[in-house]
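Data block below; observations after.
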Amino acid sequence: MTKQTVNPTVEALVARSNRLGADPRNTNYAGGNTSAKGIEKDPVTGQDVELLWVKGSGGDLGTLTAKGLAVLRLDRLRALTEVYPGVEREDEMVAAFDYCLHGKGGAAPSIDTAMHGLVDAAHVDHLHPDAGIAIATAVDGPELTQKIFGGKVVWVPWRRPGFQLGLDIAEIKAAHPDAIGTVLGGHGITAWGETAEESEANSLWIIETAAAYIAEHGAPEPFGPALDGYEALPEAERRAKAAALAPHLRAVASHDKPQVGHFTDADVVLDFLASAEHARLAELGTSCPDHFLRTKVKPLVVDLPATATVEEIVERLPELHEAYRADYTAYYERGAAEARARGEEPPAMRGADPAIVLVPGVGMFSYGADKQTARVAGEFYVNAVNVMRGAEALSTYAPIDESEKFRIEYWALEEAKLQRKPKPKPLATRIAFVTGAASGIGKAIATRLAAEGACVVVADLDLAKAQAAAAELGSTDVAVGLAANVADEAAVQAALAEAVLAFGGVDIVVNNAGLSLSKSLFDTTEADWDLQHDVMAKGSFLVAKNAARILVDQKLGGDIVYISSKNSVFAGPNNIAYSATKADQAHQVRLLAAELGEHGIKVNGINPDGVVRGSGIFASGWGANRAKTYGIEEQDLGRFYAQRTLLKREVLPEHVANAVYALCTSDFSHTTGLHVPVDAGVAQAFLR
């Protein structure tokens with residue numbers, strides 16, 4: 001068999017898509033779609049067949065590959081115009097695309113497939129550039145389109161994406177042979193060309209021409225004059241304020257279901273919130289479907305100046321949240337009533353909490369089911385702010401009306417897309433803060449929690465190692481590495497502040513940081529004793545105390561897990577300082593379980609023993625000392641420990657991680673104050 005080559009039309013399409021998607025000025029993450037028409041051999045008949053390659057549903061242009069393309073027979077797609085039942089039933093056409101697929105068809109066709117197939121051009125780009133949407137959402141968008149582009153770009157009134165929109169644009173293309181594209185009212189732009197290069201050049205010309213016109217003719221203060229007291233706080237002050245507010249705001253965003261958060265204090269956001277018109281514009285909401293599907297139709301805006309204290313904002317939040325929920329519920333009920341009047345039954349309301357929270361002087365908090373979703377929601381609202389700026393600079397911002405937003409947000413096709421998403425992992429939406437996590441047991445715990453869907457903060461005394469360990473787990477949407485000296489309360493507070501700014505909050509706290517000095521009573525110095533207790537007894541206390549404040553403020557419950565030791569209950573020789581501090585940690589578990597239970601916070605401990613392989617403590621000299629105590633070679637220590645257990649099994653860091661994971665799942669929702677032995681069975685350490 002000869003090696004299958006990639007069709008050059010597909011290669012050119014992917015390269016063009018990647019270039020367009022790499023620049024946020026052209027389109028947002030997972031926004032827009034591109035296509036190309038070309039020829040391939042039909043593997044059955046051996047005859048040439050004309051195909052359409054188009055970005056599949058949910059893909060991202062910047063990272064698109066050939067596997068992300070839907071592949072359709074162009075003759076069959078165009079034949080659908082003969083059976084099209086009309087705009088009232090156009091949603092049925094999406095299922096009809098399946099009968100047009102070539103071979104296995106590649107990715108699932110998106111709702112915009114008709115636009116690409118029906119427009120008589122070899123290459124088509126549909127994009128969501130901020131400058132283009134600014135024209136599309138201006139109250140006098142048709143006039144601006146003519147003024148800015150002349151006859152080269154044609155205005156298309158708002159229509160929901162679908163088969164009819166594809167027919168409309170195809171008709172416009174046929175009626176305007178000199179046109180290179182369209183501005184889609186309230187939505188974005190579409191451009192075309194007979195070559196990939198021509199289509200890309202036409203797309204960029206529309207975007208750059210719109211941006212240049214706004215820059216040259218736009219008003220200098222599109223958001224109005226500056227508001228006294230609303231200017232951005234100094235960076236250190238606003239980040240400290242953001243960290244203090246984050247747990248309270250996450251509680252607001254997670255009333256219906258837990259959410260992960262993202263924070264940005266980008267200049268574009270701070271400038272918007274410092275201006276007189278920000279409240280009016282925020283209330284109007286976003287317009288482009290890609291925007292409000294991720295940001296909801298409007299944000300929650302804290303209606304207090306930057307000079308307001310954290311306490312004043314926290315006191316105001318319940319009233320703002322209640323009003324937001326009531327407003328969103330009313331929006332849903334109005335839209336649902338209209339849908340039922342059309343004979344449709346809308347999907348159930350997905351929740352009335354905000355996805356975007358704006359705090360003057362501080363910045364923007366965005367929320368989603370995972371970190372990437374939360375981050376992208378924030379990026380989309382930045383796009384929306386840019387759109388508002390452009391529209392207001394030239395005219396008046398006029399997004400699509402509420403009923404159309406509802407029809408998009410609660411579209412049956414959108415609901416079906418959501419239902420196709422994979423089932424969340426057990427720890428999805430949960431944020432773990434693990435100390436001493438750059439190596440050994442801590443690293444194994446961080447790895448397991450991340451694998452189960454948690455966002456993970458790898459906290460360690462060594463920042464470089466913490467960052468390296470976090471990078472092994474994935475992108476910063478999965479894990480971040482932070483410096484944390486657990487014996488220093490200021491350092492603990494700083495690390496937790498960075499954690500909540502990274503992910504919105506904290507749900508799982510693992511007190512794992514530790515060290516061990518294996519010495520007899522007479523060889524143990526006061527400095528040895530203080531070091532052991534500072535890192536483990538005091539360190540665990542400081543982490544638990546400061547993390548518990550976050551857990552309480554979030555109102556989501558949570559888990560605090562102490563990695564204690566078999567030595568907390570078993571007396572062995574030559575480790576007085578280590579074992580005493582482990583006993584201290586073990587009793588902290590009981591004390592905190594009793595105190596924090598009323599907040600839904602579970603506190604449990606793990607008692608490992610004999611974890612030699614992969615252990616930072618054993619590698620730092622403890623192993624050699626313990627081996628000397630037992631009269632064996634250090635390399636035999638793991639096997640020695642295994643043989644003294646009831647199960648005769650060696651304990652590894654991953655076994656400790658398994659226990660931590662189990663305690664943090666819903667299977668242990670009613671368990672607190674427990675110590676779980678992970679020692680393969682040491683009878684002398686039985687708790688009862």
Side-chain angles (χ1 to χ4, degrees), residues 1-21 32-59 61 64-85 90-126 161-174 177 180-181 190-200 202-203 413:
M1 286 182 67
T2 59
K3 183 178 179 181
Q4 188 174 10
T5 59
V6 178
N7 189 302
T9 301
V10 173
E11 287 186 313
L13 171 59
V14 170
R16 168 175 118 236
S17 303
N18 293 163
R19 286 192 298 271
L20 289 170
N33 29 69
T34 51
S35 69
K37 303 176 182 75
I39 302 296
E40 263 198 3
K41 293 286 184 185
D42 187 314
V44 176
T45 66
Q47 302 298 310
D48 285 345
V49 59
E50 193 174 8
L51 300 178
L52 170 72
W53 292 272
V54 57
K55 191 201 85 170
S57 178
L61 289 177
L64 184 69
T65 65
K67 291 181 180 179
L69 297 170
V71 189
L72 300 93
R73 286 277 299 262
L74 198 55
D75 58 343
R76 295 182 66 81
L77 178 61
R78 287 174 171 166
L80 291 179
T81 58
E82 302 300 318
V83 297
Y84 176 50
E90 70 170 341
D91 288 2
E92 298 172 21
M93 303 305 288
V94 174
F97 294 153
D98 289 346
Y99 296 94
C100 305
L101 298 177
H102 178 68
K104 294 184 178 181
S110 77
I111 190 66
D112 287 315
T113 297
M115 177 197 303
H116 291 273
L118 300 179
V119 170
D120 186 19
H123 301 266
V124 178
D125 299 328
H126 168 58
F163 204 85
Q164 186 61 52
L165 181 60
L167 288 171
D168 292 349
I169 297 177
E171 185 177 334
I172 285 171
K173 166 80 167 61
I180 64 168
T190 296
W192 48 75
E194 289 311 308
T195 65
E197 294 77 14
E198 184 181 32
S199 184
E200 182 177 359
N202 288 341
S203 294
L413 295 175

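The nearest pair of heavy atoms linking Ser57 to Pro109 is CB-O, 4.1 Å. Arg76 approaches Tyr99 most closely through the heavy-atom pair NE-O, 2.7 Å. Ala107 and Ala70 get closest at one heavy-atom pair: O-CB, 3.3 Å. Summarising the geometry of Ser17 relative to Leu13, their closest heavy-atom pair is OG-O, 2.7 Å, with the distance given to 0.1 Å. Here the closest heavy-atom approach between residue Val44 and residue Asp42 is recorded as N-OD1, 2.7 Å. The shortest non-hydrogen separation linking Trp192 to Ala121 is CB-CB, 3.6 Å.
Considering only heavy atoms from C-beta on, Lys41 comes within 4.5 Å of Asp48 through its side chain. By the 4.5 Å heavy-atom criterion applied to side chains, Val83 and Leu80 are counted as neighbours. Under the 4.5 Å side-chain criterion, counting only non-hydrogen atoms from C-beta, Arg78 is not in contact with Cys100. Contact check for Val10 versus Val14: side-chain heavy atoms found under the 4.5 Å cut-off.
In this structure, CG in Asp125 is found 8.5 Å from CG in Asn202, a value given to the nearest 0.5 Å. In this structure, Leu77 CG and Met93 CE are separated by 8.5 Å, a value rounded to the nearest 0.5 Å. One distance of note links CG of Leu51 with CD1 of Ile39; it measures 7.5 Å at 0.5 Å rounding. In this structure, CG on Leu69 lies 9.5 Å from CG on Leu52, to the nearest 0.5 angstrom. To the nearest 0.5 Å, atoms CD (Gln164) and CD1 (Ile169) are separated by 11.0 Å.
Applying the side chain to side chain contact (heavy atoms under 4.5 Å, CB included) criterion to Asp75, with sequence neighbours excluded, gives Arg73.
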Please tabulate, for side-chain N and O atoms in residues 111-118, each donor-acceptor pair with protein atoms closer than 3.5 Å (sequence neighbours left out).
unit_1, atom_1, unit_2, atom_2, d
Asp112, OD2, Asn33, ND2, 2.9
Thr113, OG1, Ser110, N, 3.2
Thr113, OG1, Ser110, O, 2.8
His116, ND1, Ser35, OG, 2.7
His116, NE2, Asn33, OD1, 2.6

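Between the side chain of Lys55 and the main chain of Leu61, no donor-acceptor pair closer than 3.5 Å is present. Without hydrogens or angle criteria, Asp120 side chain to Ala170 main chain gives no donor-acceptor distance under 3.5 Å. At distances below 3.5 Å, at least one donor-acceptor pair connects side-chain atoms of Glu90 with backbone N or O atoms of Phe163.
Just one of Glu11, His123, Glu197 meets the side-chain contact (heavy atoms from CB on, under 4.5 Å) condition when paired with Arg16; it is His123.
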